[in-house]
Amino acid sequence: MSGRAIVITSGKGGVGKTTATANLGLGLARHDRKVVLIDGDIGLRNLDIIMGLENRIVYHLVDVVRGRCQVRQALVKDKRFPHLALLPASQIDQKEAISPEQMRELAAQLKEDFDFVLIDCPAGIEQGFRNAVAGADEAIVITTPDVSPVRDADRVIGLLQNSLGDPQLIINRMSTQMVQRGDMLDQQDVLDILAVNLLGIVPEDEEVVVAGNRGSPVVLNEKSQSGQAYGRIVRRILGEDVPIPELNGHGGIFHRLGKLFSRR
Amino acid sequence: MAWGTFVQRLLGNKGSAGLAKDRLQVVVMYDRLGLSPEQMAALRKDIMETISRHVAIDSERVKIDFLPTPAEVTITAPVRRGRTRGEEPKQQAG
């Protein structure tokens, strides 16, 4: 088998890379795909706690690369889906503890056993970013509709285009109310600036915080808006043609009229 | 809610999103160009000198804009009257 290795990156920190990685991983596993998640954020391990797997870590990424254990020994199996596994980051090493070449080899090895290798990239564009990208065949860039994440996303897209080609974009934490009020960039604004393919939009949702608290990512909560959004993104990754719905209320007659008057 | 928004818009309250987009377009363009302010000034000087070699322009009012989507450079240079084409331009002091 040769799986797809996808890096989830953003440039800016705190926009939802780790949350997205966890949700996409669980979502793909629910579609019966074999999935492994790599926490690429060496020194600031977080994917384990978002996934609710923090108490079961024995070995980590740096142990594997250094040959202190077999890959199989370091993989933490998810209790909910036996064909979903996490390769945790080391909490005590530096980003320089591994090289892009080692990451490439590791990803190639994992692609033999898994349909999807999702790599959670650390913030920034330094060594940690280069390592995470080196292991990937394709990239998903995540941003929120705010000025600094969009600016950083543009920078990261430029860097990715040199190696992996055009990434796909997820816009996270979109607030319908703020868009309607004209106080938040809408999807078209973001796409006008970044000019990449839109993979999906995740609405602002308090359930994401609750999901983090519980270690049970929101994609498992069918009732939540953000969980449904991740569910649709997963189906798009699997090649299904799932339209991107307009957010609640967005696109109403008053909004459209308002837009006519307010924009050039 | 929607009515309120609509009325606000009619009254000219545009919200901050348009401003965010305008500012982002400028900053992203400069990020992509990767030019320092000094390099920008040098580029501007080169462009003006090149144009002045052939056409009399009002150098004070030359505008050079870099636009992100579609990516393009626009140069607006007001042409001065009173000098025929091909005539030797006056040397600038300094």
Side-chain angles (χ1 to χ4, degrees), chain A residues 11-12 125 141 143-162 166 169 171 174-197 246-264, chain B residues 1-47 50 57-58 60-79:
Chain A
K12 184 114 184 100
I125 51 173
V141 169
T143 186
T144 59
D146 308 299
V147 288
S148 45
V150 171
R151 180 190 193 176
D152 290 0
D154 188 77
R155 183 105 167 80
V156 160
I157 290 166
L159 295 171
L160 289 169
Q161 281 168 335
N162 297 330
D166 270 2
L169 183 73
I171 306 175
M174 187 74 97
S175 157
T176 313
Q177 283 189 336
M178 290 196 72
V179 168
Q180 283 181 336
R181 214 162 64 209
D183 274 328
M184 180 175 273
L185 297 168
D186 66 15
Q187 73 183 70
Q188 196 52 52
D189 293 331
V190 176
L191 293 177
D192 283 348
I193 291 159
L194 299 179
V196 287
N197 185 36
E246 297 222 38
L247 294 174
N248 267 350
H250 185 102
I253 181 71
F254 299 119
H255 175 69
R256 293 234 164 109
L257 278 171
K259 238 184 139 136
L260 267 181
F261 283 98
S262 72
R263 300 276 166 90
R264 284 157 287 162
Chain B
M1 177 65 200
W3 267 113
T5 308
F6 181 52
V7 171
Q8 276 195 334
R9 289 269 167 80
L10 282 180
L11 293 173
N13 184 352
K14 286 171 66 173
S16 56
L19 184 61
K21 187 176 181 182
D22 291 346
R23 291 175 61 225
L24 268 170
Q25 281 182 322
V26 173
V27 82
V28 156
M29 196 63 223
Y30 280 96
D31 286 350
R32 288 182 194 171
L33 289 168
L35 292 178
S36 67
E38 292 77 27
Q39 288 170 312
M40 274 306 291
L43 173 61
R44 191 187 162 80
K45 188 163 163 278
D46 283 351
I47 290 172
T50 306
I57 52 167
D58 186 349
E60 297 291 306
R61 285 164 55 212
V62 171
K63 257 184 76 198
I64 302 171
D65 291 311
F66 295 90
L67 306 168
T69 25
E72 59 183 24
V73 183
T74 64
I75 300 164
T76 315
V79 179

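Values reported hereafter were calculated over all heavy atoms of this structure, with side chains retained and with hydrogens, waters and symmetry mates removed. Within every chain, numbering begins at 1; the chains are lettered A, B, ... in the order of the sequence lines, protein sequences first and strands thereafter.
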Nearest-0.5 Å distance that lies between atom CE in A:Met178 and atom OG in B:Ser16
6.0 Å
Tell me every residue that passes side-chain hydrogen bond (donor to acceptor under 3.5 Å, both in side chains) with B:Asp58, counting only those two or more places apart in sequence or in another chain.
B:Arg61
Distance in Å, A:Ile193 CD1 paired with B:Lys21 NZ, rounded so as to fall on 0.5 Å steps:
6.5 Å
If you compare all heavy atoms of B:Ala20 against all heavy atoms of A:Val147, which two are closest, and at what distance to 0.1 Å?
CB-CG1, 3.7 Å
Qualifying salt bridge (Lys or Arg N to Asp or Glu O under 4.0 Å) pairs with a residue from residues 145-156 of chain A, counting only residues at least two apart or across chains
A:Arg151-B:Asp31, A:Asp154-B:Arg32
